[in-house]
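This report concerns only the one structure given below.
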There are 2 protein chains.
Amino acid sequence: MAAFPEPPAHAGWLRTVAAEVRTFDRSSTAERVAELLRHRVIEGDLPPGTRLSEEQLVEVLHVSRNTLREAFRLLTHEGLLVHRLHRGVFVPELDEDDLVDLYRLRRTIECDVVRRLERLDPVRLRPLHDDVAAGEDAARRGDWVAVGTANMRFHQHLVALADSARIDETAARLLAELRLAFHTVAAPQRLYAPYVSRNRTLLDLLVTGETDRAAKELEVYLHDSEAQLVQAYRKRPRRNP
Amino acid sequence: MAAFPEPPAHAGWLRTVAAEVRTFDRSSTAERVAELLRHRVIEGDLPPGTRLSEEQLVEVLHVSRNTLREAFRLLTHEGLLVHRLHRGVFVPELDEDDLVDLYRLRRTIECDVVRRLERLDPVRLRPLHDDVAAGEDAARRGDWVAVGTANMRFHQHLVALADSARIDETAARLLAELRLAFHTVAAPQRLYAPYVSRNRTLLDLLVTGETDRAAKELEVYLHDSEAQLVQAYRKRPRRNP
DNA sequence: TCTAGAGAGTTGTTCAACAATCCCTCAAGA
DNA sequence: TCTTGAGGGATTGTTGAACAACTCTCTAGA
């Protein structure tokens with residue numbers, strides 16, 4: 001996220017220093033708290049509907065209420081928390097309409113990115129290869145959480161081919177929100193499993209440069225994904241039926 | 001933005017009360033401050049690059065620093081302000097890359113929305129008719145600020161046809177950021193003028209249901225718009241050349 | 001069964017203080 | 001002349017406490 005000035009090419013060691021500094025602490029307390037909570041939410045440790053009490057979190061995280069609220073805001077903007085006036089912040093409970101909405105925008109962005117691809121340097125597909133391989137590997141191990149992560153990364157890297165910071169950001173938010181939905185259904189394995197091989201198919205089409213076919217395949221892919229998720233959603237266990 | 005429970009149909013007068021309350025104070029102080037600043041930024045009263053001093057604004061607006069900072073955060077998320085650690089918030093200075101990026105996402109969303117339109121109820125085009133008329137009227141009067149506003153509303157209403165809250169939100173941010181760019185060029189009239197009639201053309205195609213042609217027209221439209229804006233940008237007056 | 005109201009608990013907002021950082025200036029040194 | 005580094009003023013980052021405003025729940029009373 002943070003933009004650092006590129007060190008001059010001749011100063012090789014500066015590169016590594018810059019890399020270290022980047023990981024160092026160029027962030028505010030609120031951002032670090034947000035990062036911590038973000039993981040909790042994305043990993044599903046905090047189930048949708050959970051209220052995040054200011055009092056409790058201030059105690060646990062050893063930050064002031066103001067700083068905590070700042071972190072809340074950051075996550076609210078990412079769609080990972082919702083804020084209700086005078087009631088606090090909650091992990092969002094997405095309903096079916098949200099799913100449809102999410103997939104609508106997702107199809108718009110992802111398919112359009114693929115459709116507009118041209119003169120693609122094969123090197124740029126490298127991250128996608130890695131993600132597909134990671135997904136296949138995790139599937140073999142039966143590690144479905146890792147499959148989910150690999151899938152998310154695949155799609156994030158896919159839109160990254162567009163070279164647009166704002167598209168990246170929009171997609172990131174989209175995928176994070178979508179991940180919330182997966183946590184509310186009973187058996188995410190069933191949902192992720194088919195897409196391990198479909199990601200491979202998609203990647204093959206990109207390698208051979210068949211972007212139009214890839215775009216169409218992705219369109220169907222996302223429609224199927226949506227349908228399955230919606231179906232799983234209707235059977236989901238709920239606390240307030 | 002805020003979702004209110006609909007009053008029961010039989011209680012007619014409640015409707016008007018609800019409408020009043022809506023405008024009343026169903027918002028936090030921070031939101032009201034943000035609304036105030038938002039207008040200043042969008043209208044161009046605060047030129048890009050301006051730093052918004054906490055000290056000064058706290059004095060003028062009679063709110064606490066914390067509340068002000070919360071308002072800053074809201075606007076930062078909308079892309080109307082940028083925040084630099086330990087340096088404060090600034091009105092963003094978009095560069096040419098930002099313009100290209102903005103238009104990239106804009107084409108993706110707007111064209112895709114139009115392309116996917118089907119079975120469109122003519123009633124839903126009503127707001128678009130109004131916006132086009134408002135634009136034409138403002139152009140006749142020579143009120144270019146109003147032309148700009150009408151144009152923005154036209155495009156906002158256009159994507160609204162997709163019925164997607166998240167698409168609306170993304171587009172809103174996009175258009176707001178873009179408006180910043182228009183404030184940095186010398187003669188915005190030249191830029192807005194051609195699109196008064198092009199919006200009309202586009203709308204006509206939607207009325208007759210020729211969505212594919214409309215999508216293609218919009219694609220060209222946005223490319224032209226981008227090219228002109230970039231060109232105007234290169235000639236823009238700058239403080240630090 | 002419904003309503004009004006009291007009370008507890010939580011969030012919204014403000015304030016004042018201190019810590020951390022940036023930015024400018026200026027002087028010493030190569 | 002250019003670079004480097006050390007002040008020092010100004011601004012932002014963070015904290016904790018206090019009070020106001022609001023929601024939610026429960027109960028008394030009609």
For the pair made of [atom1] in [X] and [atom2] in [N], what is the distance, rounded to whole Å?
| X | N | atom1 | atom2 | value |
| --- | --- | --- | --- | --- |
| B:E54 | C:dA20 | CD | C1' | 14 Å |
| A:E31 | C:dT21 | CD | P | 14 Å |
| B:L74 | C:dT13 | CG | C1' | 15 Å |
| A:L85 | D:dT23 | CG | P | 7 Å |
| A:E59 | C:dT10 | CD | C1' | 16 Å |
| A:L57 | C:dT10 | CG | C1' | 13 Å |
| B:H83 | C:dC22 | NE2 | P | 11 Å |

| query | Are OP1 or OP2 of C:dT11 and a side-chain N or O of A:R84 less than 4.0 angstrom apart? | reply | no
| Does a nitrogen or oxygen in the side chain of A:H86 sit under 4.0 Å from OP1 or OP2 of D:dC24? | no
| Those residues that, when tested against A:D168, pass salt bridge (charged side-chain N to carboxylate O under 4.0 Å, His left out) (two or more places apart) | none
| B:F154: partners by ring pair (Phe, Tyr, Trp, His ring centres under 6.0 Å), with sequence neighbours left out | none
| note | Result for 5'-nearest mapping on DNA chain C, choosing between B:R87 and A:R73, is A:R73
| request: Using side-chain contact (heavy atoms from CB on, under 4.5 Å) as the criterion, point out the one residue from B:V41, B:L80, B:V82 that pairs with B:P92. | output: B:V82
| message | Tell me every residue that passes side-chain hydrogen bond (donor to acceptor under 3.5 Å, both in side chains) with A:D131, counting only those two or more places apart in sequence or in another chain. | response | A:H157
| With A:H62 via side-chain hydrogen bond (donor to acceptor under 3.5 Å, both in side chains) - residues at least two apart | none
| said: Per the salt bridge (charged side-chain N to carboxylate O under 4.0 Å, His left out) rule, what does the pair list look like for residues 48-64 of chain A, sequence neighbours excluded? | reply: A:E54-A:R65, A:E54-A:R69
What nitrogen or oxygen pairs link the protein and nucleotides 14-17 of chain D at under 3.5 Å?
from, atom 1, to, atom 2, distance (Å)
D:dT14, OP1, A:T29, N, 2.4
D:dT14, OP1, A:T29, OG1, 2.6
D:dT15, OP2, A:S64, N, 3.2
D:dT15, OP2, A:S64, OG, 3.2
D:dT15, OP2, A:T67, OG1, 2.3
D:dG16, O6, A:N66, ND2, 2.8

